[in-house]
Amino acid sequence: MDSQYLKENIQVYSLNIALSKKHYLLKLILGLLLNWFLTSCSSSPTEPEDSTLDLNTPWVEASPEDAGINPEGLSKAIEKAEANPRFLSLLVVRDGKLVQESYFNGNRRDILNDVRSVTKSVVSTLVGIALKEGFIGNLDETVGDYLPAHFEISNAMINTITIRDLLTMTGGFQWDEWTSNSYSTWITSGDHVQHVLNLLLVTSPGNSFTYNSGAVHLLGVLLQEAVKMPLPDFADQYLFNKIGIQSKDWEDLSGGYVNGGSGIDLMPRDLARLGQLYLQNGKSGDQQILPEDWVAQATSPKFSWRFNYGALQNYTYGYLWWVVEGPETAYLAWGFGGQFIYVVPSKALVVVATTNWRGVSQDGGPQALEQAGLDIIINDVVTAVQ
């Protein structure tokens, strides 16, 4: 074979290999660039994944240390609660995780607790949802807009009381729930709606705060008429079923209505779900159950006055939620005798306490039991959160 011919063929072969390698590398680079371009177009790396807790899932538990809570402070709270013969539960949720769950005096996780006026905060929540869903137009709609015609109005001014007035306890009715027997007289009456409508108006609606469970029951009645279904059914469909609350019980009153002022029983874990819903600005997972602006409105002060009550300092009222102002803003649902959902947004904290309130008026009164609960929540649990 001619050496020159062999040399030329080897050179051509070598050149073809070099070109093939370059072609392969070029194809590889182009493929990687195309893949990067398509991935970039199909995703939004600047938008973080929503990590809001889905309240329709079981609670995830965490240790106090992992949750940033001083175990000694939490132990002190549990010891105080355990020493009180009327305490039933104490639960602590931090960053959406169940850190502490204790039951006392025969109470258990699966037992419904009668939480009295915590019901009012549930009704407030349902009003916010009714607004969101369009069942109610606005808070300036009145008793006269929704009250069934068969009820008798003793004073035409009652028809002008607004939903906002009932949310802020400023209906103007003659009522004394704290130092007199207004509640007992109402709850034992034969017609709970008509009883409220027969009350005297002692101030113009919207002007003066008077704590009034009967008036909040009236609000629940108006809400039921607005949504055109029983209030418990509305609560199940639009709230409870969406945040994992399956067990509940409502106190039936006259006329086919439930007690909207103080008539719901819930499990302590589910009370924590309601508090966590508010802490999450009305969201559960990717669902906006309650309008975010409603959470802000309901838990912001509506009055210039402030009260002090044991460990609870500088508190006032929102829309059927109590509101604490100061260095550590908080809000709470508060039921007779020490039923609490206590929320501290800056600490991502929800605390639940329930007690046996029955007979407490003959056993030192509800004030001592309420203040004991507030002392445990505020002075022990909240201060233990780092």
Side-chain angles (χ1 to χ4, degrees), residues 47-56 93 95-96 118-142 145-146 161-171 205-206 209 216 219-220 222-224 226-227 231 234-245 260 271-304 306 315-326 328-334 341-350:
E47 297 178 6
E49 184 179 347
D50 189 351
S51 60
T52 303
L53 176 66
D54 183 350
L55 295 168
N56 211 22
V93 174
D95 292 323
V118 170
T119 310
K120 295 179 175 66
S121 299
V122 173
V123 169
S124 171
T125 305
L126 295 177
V127 171
I129 293 172
L131 279 168
K132 171 179 176 284
E133 300 295 333
F135 293 107
I136 294 173
N138 58 72
L139 298 186
D140 294 319
E141 293 179 340
T142 66
D145 291 327
Y146 293 105
I161 296 172
T162 66
I163 293 172
R164 191 189 314 275
D165 296 336
L166 296 175
L167 285 166
T168 55
M169 302 280 194
T170 58
F209 177 90
V216 181
L219 174 60
L222 301 180
L223 183 57
Q224 177 165 316
V227 301
L231 195 62
F234 180 71
D236 285 347
Q237 182 177 341
Y238 287 90
L239 176 61
F240 292 151
N241 292 346
K242 295 185 176 185
I243 62 173
I245 298 178
L271 295 171
R273 290 182 188 280
L274 182 61
Q276 188 68 28
L277 177 67
Y278 272 75
L279 188 61
Q280 295 178 175
N281 293 315
K283 288 191 72 176
S284 175
D286 60 358
Q287 289 190 72
Q288 192 73 48
I289 309 298
L290 183 65
E292 184 173 349
D293 62 347
W294 181 261
V295 173
Q297 290 179 50
T299 61
S300 63
K302 300 297 181 285
F303 300 94
S304 59
R306 301 292 182 270
Y315 71 96
T316 184
Y317 211 60
Y319 286 160
L320 302 180
W321 286 83
W322 296 94
V323 183
V324 182
E325 288 197 316
E328 202 125 65
T329 299
Y331 48 88
L332 61 152
W334 180 350
I341 306 173
Y342 195 94
V343 183
V344 187
S346 65
K347 293 191 171 184
L349 179 70
V350 178

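Quick caveat: nothing in here was measured; it's all calculated off a predicted structure.
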Quiz item: At their closest point, which heavy atom of Phe240 faces which heavy atom of Val122, and how far apart are they?
Solution: CZ-CG1, 4.0 Å

Exercise. Could you tell me which residues satisfy side-chain hydrogen bond (donor to acceptor under 3.5 Å, both in side chains) with Asp236, sequence neighbours excluded, listed by chain and number?
Key: Lys248

Quiz prompt | Any donor-acceptor pair under 3.5 Å from Ser284 side chain to Ile243 backbone | solution = no

Self-check item: Listed partners of Glu292 passing salt bridge (Lys or Arg N to Asp or Glu O under 4.0 Å), at least two apart
Solution: none

Exercise. To the nearest 0.5 angstrom, please state how far the CG atom of Leu277 sits from the CG atom of Leu239.
Key: 6.5 Å

Quiz item: Just how far is it from atom CZ of Arg273 to atom CD of Gln280, taken to the nearest 0.5 Å?
Solution: 11.0 Å

Practice problem: Please round to the nearest 0.5 Å and tell me the distance separating atom OG1 of Thr52 and atom CD of Gln287. | Solution: 12.0 Å

Quiz item: Among all residues two or more places apart in sequence or in another chain, which pass the ring-ring contact (aromatic ring centres under 6.0 Å, His included) test with Tyr146?
Solution: none

Exercise. Spell out, as yes or no, whether a donor-acceptor pair under 3.5 Å connects the side chain of Thr119 to the backbone of Gly260.
Key: no

Exercise. For the residue pair Tyr317 and Phe303, categorise the inter-ring angle as parallel (less than 30°), tilted (30 to 60°) or perpendicular (more than 60°).
Key: tilted

Quiz item: Are the side chain of Asn56 and the backbone of Gly244 linked by a donor-acceptor contact shorter than 3.5 Å?
Solution: yes

Self-check item: Shortest non-hydrogen separation from Gly318 to Val323 and the atoms involved
Solution: N-CG2, 3.8 Å

Practice problem: Not counting sequence neighbours, which residues clear ring-ring contact (aromatic ring centres under 6.0 Å, His included) with Tyr319? List them please. | Solution: Trp294

Quiz prompt | Partners passing side-chain contact (heavy atoms from CB on, under 4.5 Å) against Ser346 (at least two apart in sequence or in another chain) | solution = Glu328, Val344

Quiz prompt | Value rounded to 0.5 Å, distance of CG in Asp95 from CD in Gln276 | solution = 8.5 Å

Quiz prompt | Side chain to side chain, Pro301 and Arg306, heavy atoms closer than 4.5 Å | solution = yes

Self-check item: Criterion side chain to side chain contact (heavy atoms under 4.5 Å, CB included) against Glu133, the qualifying member of Leu131, Ile136, Ile129
Solution: Ile129

Exercise. Could you list the residues that satisfy salt bridge (Lys or Arg N to Asp or Glu O under 4.0 Å) with Glu141, not counting sequence neighbours?
Key: none

Quiz item: Does the side chain to side chain contact (heavy atoms under 4.5 Å, CB included) test come out yes or no for Val343 and Thr299, once each step is laid out?
Solution: CA-CA 10 Å; Val343 183; Thr299 61; over 6 Å; no

Quiz item: Can you name the side-chain hydrogen bond (donor to acceptor under 3.5 Å, both in side chains) partners of Asp145, sequence neighbours left out?
Solution: Thr142

Quiz item: Between Asn281 and Val295, what is the shortest heavy-atom contact and its length?
Solution: C-CG2, 3.8 Å

Quiz item: With Val227, which residues qualify under side-chain contact (heavy atoms from CB on, under 4.5 Å), at least two apart?
Solution: Ala130, Phe135, Leu223, Met229, Phe234

Exercise. With sequence neighbours left out, write down each residue that passes side-chain hydrogen bond (donor to acceptor under 3.5 Å, both in side chains) with Ser300, or none if nothing qualifies.
Key: Lys302

Quiz item: Is there a donor-acceptor pair closer than 3.5 Å between any side-chain N or O of Ser121 and the backbone N or O of Leu320?
Solution: yes

Quiz item: Closest approach of Leu126 and Ala235, non-hydrogen atoms and distance?
Solution: CD2-CA, 3.8 Å

Quiz item: Considering residues at least two apart in sequence or located in another chain, which fulfil the side-chain hydrogen bond (donor to acceptor under 3.5 Å, both in side chains) criterion with Trp321?
Solution: Tyr278

Quiz item: Looking only at atom types and distance, does a side-chain atom of Arg164 sit under 3.5 Å from a main-chain N or O of Leu139, one as donor and one as acceptor?
Solution: no

Exercise. Sequence neighbours left out, what passes salt bridge (Lys or Arg N to Asp or Glu O under 4.0 Å) with Lys132? Give chain and number order.
Key: none

Quiz prompt | Heavy-atom closest contact (Leu166 atom, Leu222 atom, distance) | solution = CD1-CD1, 3.8 Å

Quiz prompt | Under 3.5 Å donor-acceptor, Gln288 side chain and Leu290 backbone | solution = yes

